[in-house]
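These notes concern the structure reproduced below.
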There are 2 protein chains.
Amino acid sequence: MRIGELAKATGTKAETIRYYEREGILPAADRTAGNYRDYSNEHLATLSFVRRARGLGFSTSQVKELLTLSDNDDKSCSDVDQLVRQQLKEVNRKIENLILLRDELSQMLQSCEASRIGDCQIVERLAQSPQVWR
Amino acid sequence: MRIGELAKATGTKAETIRYYEREGILPAADRTAGNYRDYSNEHLATLSFVRRARGLGFSTSQVKELLTLSDNDDKSCSDVDQLVRQQLKEVNRKIENLILLRDELSQMLQSCEASRIGDCQIVERLAQSPQVWR
DNA sequence: ATGCACCTTGTAGCAACTACAAGGTCAAGC
DNA sequence: GCTTGACCTTGTAGTTGCTACAAGGTGCAT
């Protein structure tokens, strides 16, 4: 299949696929007589894997690692497990930070509500300290 | 104050401050006889504002908007409110996605636990469809 | 006058794409 | 057989928000 078809099948832009090839994430495809890339079902499977892992927040280098790990089956399981665990930790960290952030933002909005009659405090809140800003 | 002092006071690298100046986020400072940047307390307040807003996940262009909004006091409150609301929505979206992601990752780990004796399913799970990957 | 911390500008790098530009290929329609 | 249009090729530059040099200037203490 040609790059456009693969792109459609995986929801990836053709340019991104070429980028993955340049970066060694996706193996290079065969070429047709007219120098078009010609992808196999293995490519399709690999690219799906890559997109899914990226969607789960793995970096491209982690994805590369996952790919090589899944190539040699023995011993790989604990390494893969390790990577997933690390990623899970990272995700939890992000969630916690975002929740703090959400709380701050909604407090800002509430302080705006509260002072409908006067002028809202959002800018002051952002400026944080009670000094007049500008 | 010189750039290093401002940097220390706000927890920003000097290079980042110069970057903000180039990008028009922070107004240019006066210069000393020796061509060093010489910052005022207003700069300090503005930079604190910028860092705080960035820390809350506002993009640099949103920060610029917030800065200009807070410059002309009238009418600004509802616009600021709007920006904060938008940001809050975005943050909630991110949190939801991350929670989905977390669930998937921990399910992966559990399927690994479950099949201690056999080989773990993580790679298969990533590959998603039951086709053999590679 | 010499060392050192600090400053200046300019440029390049990071991640992970995305967006051109300028040109080649291929099938369909007239 | 020739054109049109969709698709493909390579290469390069842009995006966001910094960060990291390199090569040189300033300011102050010893």
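Hydrogens, waters and symmetry mates are skipped; everything else that's a heavy atom, side chains included, is used. Lettering of chains follows the sequences in order, A, B, ..., and the numbering in each one begins at 1.
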dC17(C) phosphate, OP1 or OP2: any side-chain N/O from Arg51(A) under 4.0 angstrom?
yes

Can you check each nucleotide of nucleotides 23-30 of chain D against protein heavy atoms at under 4.0 Å and return B for base, S for sugar-phosphate only, - for none, in 5' to 3' order?
--BBS---

May I ask you to decide if Lys94(B)'s main-chain N or O and Lys94(A)'s side chain share a donor-acceptor pair within less than 3.5 Å?
no

Going by number, which of residues 5-19 of chain B have a non-hydrogen atom under 4.0 Å from DNA chain D?
Lys13(B), Glu15(B), Thr16(B), Tyr19(B)

Rounded to whole angstroms, how far apart are CD on Glu21(A) and C1' on dT10(D)?
12 Å

Closest heavy-atom contact between Ala14(A) and Ile3(A)?
O-CD1, 3.6 Å

Which heavy-atom pair separates Leu98(B) from Val91(A) by the least distance, and what is that distance?
O-CG1, 3.6 Å

Please answer whether the main-chain N or O of Gly57(B) pairs with a side-chain N or O of Gln87(B) as donor and acceptor at a distance below 3.5 Å.
yes

Just N and O in the side chain of Arg37(A): are any of them under 4.0 Å from OP1 or OP2 of dT25(C)?
no

Rounded to the nearest 0.5 Å, what's the gap from CZ on Arg52(B) to CZ on Phe58(B)? Could you check?
10.0 Å

Figure out the CD/P separation between Glu23(A) and dT18(C), and round it to whole Å.
14 Å

Common cluster, Ile99(A)/Leu101(B), ILVMFWY with side-chain heavy-atom separation under 4.5 Å:
yes

In terms of heavy-atom contacts, Asn35(B) and Arg31(B) come closest through O-NH1, 2.9 Å

Any chance you could measure Tyr39(A), atom OH, to Leu26(A), atom CG, to the nearest 0.5 Å?
6.0 Å

Could you check which of dT10(D), dC7(C), dT9(C) has an atom nearest any side-chain atom of Arg31(B)?
dT9(C)

CG of Leu26(A) versus P of dA16(C): gap in Å, rounded?
16 Å

My understanding is that only residues two or more places apart in sequence, or in another chain, count here; which of them pass side chain to side chain donor-acceptor pair (under 3.5 Å) with Glu90(B)?
Arg93(B)

Scanning both residues in full, the closest heavy-atom pair of Leu66(A) with Ala53(A) reads CD1-CB, 4.3 Å

Starting at CG of Leu56(B) and ending at P of dG17(D), how long is that distance when rounded to a whole Å?
14 Å

N/O-N/O pairs, protein side and nucleotides 1-3 of chain C side, under 3.5 Å:
none

Would the distance check show the side chain of Arg2(B) and the main-chain N or O of Leu6(B) forming a donor-acceptor pair, the cut-off being under 3.5 Å?
no

State, without any angle test, whether His43(B) and Ser40(B) hold a side-chain donor-acceptor pair at a distance under 3.5 Å.
yes

Whole-Å distance, Arg22(B) CZ to dA20(D) P, equals 14 Å

Minimum heavy-atom separation for Gln62(B) and Gln86(B), please, with both atom names.
NE2-NE2, 3.6 Å

How far does the helix from dA1(C)-dT30(D) to dC30(C)-dG1(D) bend, going by the axes of its first and last five pairs, to the nearest 10°?
30°

For Asn92(B), all residues meeting side chain to side chain donor-acceptor pair (under 3.5 Å), sequence neighbours excluded
Arg102(A)

Would you say dA16(C) has OP1 or OP2 under 4.0 Å from some side-chain N or O of Thr60(A)?
yes

